[in-house]
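First up is the structure itself, then whatever we jot down about it.
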Amino acid sequence: MDFIHALRSALPSSTLSVDSEILSSHAHDTALGQDYLPASVVIFPSSDAEVTIILEISNRFSIPIVPRGAGTGMTGGCNVVGPCIVLSFVRMNRILEIDLANRIAVVEPGVITGDLQELARSHGLYYPPDPASSDRCTIGGNVAENAGGPSAFKYGVTRQYVTGLSGFYVDGTPFHLGGKLYKNVAGYDLLSLMVGQEGTLSVITKIYLRLIPYPRFRATFRASFSNYDQAIAALQAACTSSVYPAAAEFMDRTCVDAVRLHLGIEVPDGDAFVLFQLDGDQSECDVLRDVCLTHGAHDIEIALSDEDQDAFWKIRRSVSESLTAMSIAKRSHDIVVPPDQIGPYLRRAKALGKQEGVTVLGYGHLGDGNIHVNILQTGPAPILESLTEKLLRLAVDMGGSITGEHGIGLTKKKYLNLMFSDRDIACMKAIKEAFDPKGLLNPGKIF
Ligand code: 2HG
Ligand code: ZN
């Protein structure tokens, strides 16, 4: 193919791969049941100069680009849908600066989120966004998807931490938006638009991130309740007693049993578990414990050391892979409802699953109403796409959203109209057209 020949002539050979295993392993993310084609070529640039060359060749041959990080996404956001150049940022993985005076990190897109968190912590600073895959996902991918995680409840999602971005428009023109800035309200907010764009508007090569002081005290509570309505009431009571947990995560018996079977580790007894992470002080711990007890919690365990807290979190962070391992087929959708609707949503969602002979369960982010509603096939009845539609529609009907942190990608694009009017979608398409008139950036995603 001519464009591969042009890439070979313009770039060092170590930058480019057409190995069939690489082409297929770099053609998708972790979305289940989503088709993809092998990439035509995968490029691993290590500098802006190489990215510029790739964009020039993409334009010259009208060949699309699919930018990607570690591929831990969950909606097919970096899946290949036709001939294209896959642009993997894993080699652009330098933490360029931790600016202590301004409390800003400047990083390349391929930096692993957990590595930045660790380095920030060694300086007494904290980068809060913490997707379950933080030990392997990249900051670039987090920016593309506007990733969240448990700490989003108190601290917000990736967008709240991005103070600046540099990179290139699709025709190779460089852009620089924001910087080491805590306040910036000039013009339309292009910087925010670039976060959560799913690789469809521009190519990002440098990211400025706000860091905050690392909490002086941290404790993780594991409380079991008889149902989530009790847990939600406890959380509400804590917040009105001036104790605002950093995270409030929920999972049920099926989730913890799946982790026990998958990882072979011990898990607690009980039916409805909540992990509260508290970034505060010892006195807040006492308030939270009392509030949980008043609202029906039994078996409250409190971990204070990093090691004990990590053991609690390990179970929660392993739920997704463990449910995949225990089922014949699985679909997971990260819907959002107002937090007080979690209990009612789950009851109605489970009833819908029962009608179709599959298991529906939910776990995830109690504090912000972001439920990972899972459909599991454990018997002969298959998972029908129509059930996905019913579960997403139910969330929207209850005042919610079809995604809280995983994005639209391929898996949700046919449901965009559950949330947006034709006019809304026309505005979004006009934005895409303004940034990428030839449709070269991550084709087939979002719309
Ligand atoms: C989590 O919170 C992740 O564990 C993954 O966002 C959830 O598999 C999923 O849908
Ligand atoms: Zn999640």
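In listed order, ligands and their atoms are each counted from 1. Values reported hereafter were calculated over all heavy atoms of this structure, with side chains retained and with hydrogens, waters and symmetry mates removed.
Nearest protein heavy-atom contact of atom 6 (O) of ligand 1 is H406 NE2, 2.9 Å. Protein heavy atom nearest atom 7 (C) of ligand 1, with residue, atom name and distance: Y363 OH, 3.4 Å. Counting only heavy atoms of the protein, atom 5 (C) of ligand 1 lies nearest to M74 SD, 3.6 Å. With hydrogens left out, the protein atom closest to atom 8 (O) of ligand 1 is S320 OG, 2.5 Å, a heavy atom. Looking at atom 4 (O) of ligand 1, its nearest protein heavy atom turns out to be R316 NH1, 3.0 Å.
Salt bridge E249/R316: present, at least one basic N to carboxylate O contact under 4.0 Å. With respect to the salt-bridge test (charged N to carboxylate O, under 4.0 angstrom), the residues D397 and R348 do not qualify. A salt bridge links D130 and R317; the closest N-O separation between the charged side-chain nitrogens and carboxylate oxygens is under 4.0 Å.
A donor-acceptor pair is defined here as one N or O able to donate and one able to accept, closer than 3.5 Å; no such pair exists between the side chain of D310 and the backbone of W313. Using modelled atom types, one side-chain atom of D436 and one backbone atom of L441 make a donor-acceptor pair closer than 3.5 Å.
Listed by number with element, the atoms of ligand 1 under 4.0 Å from a non-hydrogen atom of A132 are 1 (C), 3 (C), 4 (O).
For R317, no heavy-atom contact with ligand 1 is shorter than 4.0 Å. Residue H333 does not touch ligand 1, judged by heavy-atom distances below 4.0 Å.
Distances under 2.8 Å from the Zn ion (ligand 2) pick out the protein N/O/S atoms H365 NE2, H372 NE2, E405 OE2.
For the pairing with F250, the side-chain contact (heavy atoms from CB on, under 4.5 Å) check across L346, I232, L235 returns one residue only, L346.
No more than 12 heavy atoms of other residues, nucleotides or ligands sit less than 6.0 Å from atom NZ of K206.
Taking distance alone, with nitrogen or oxygen atoms compared against 3.5 Å, N374 stays at or beyond that limit from ligand 1.
Note: F273 and Y363 fail the aromatic proximity criterion, with ring centroids not under 6.0 Å apart. Side-chain rings of F44 and H26 approach one another, their centers coming within less than 6.0 Å.
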*Going through the distances and angles, do R260 and V256 end up as a side-chain contact (heavy atoms from CB on, under 4.5 Å)?*
CA-CA 6 Å; R260 179 172 52 78; V256 294; over 6 Å; no
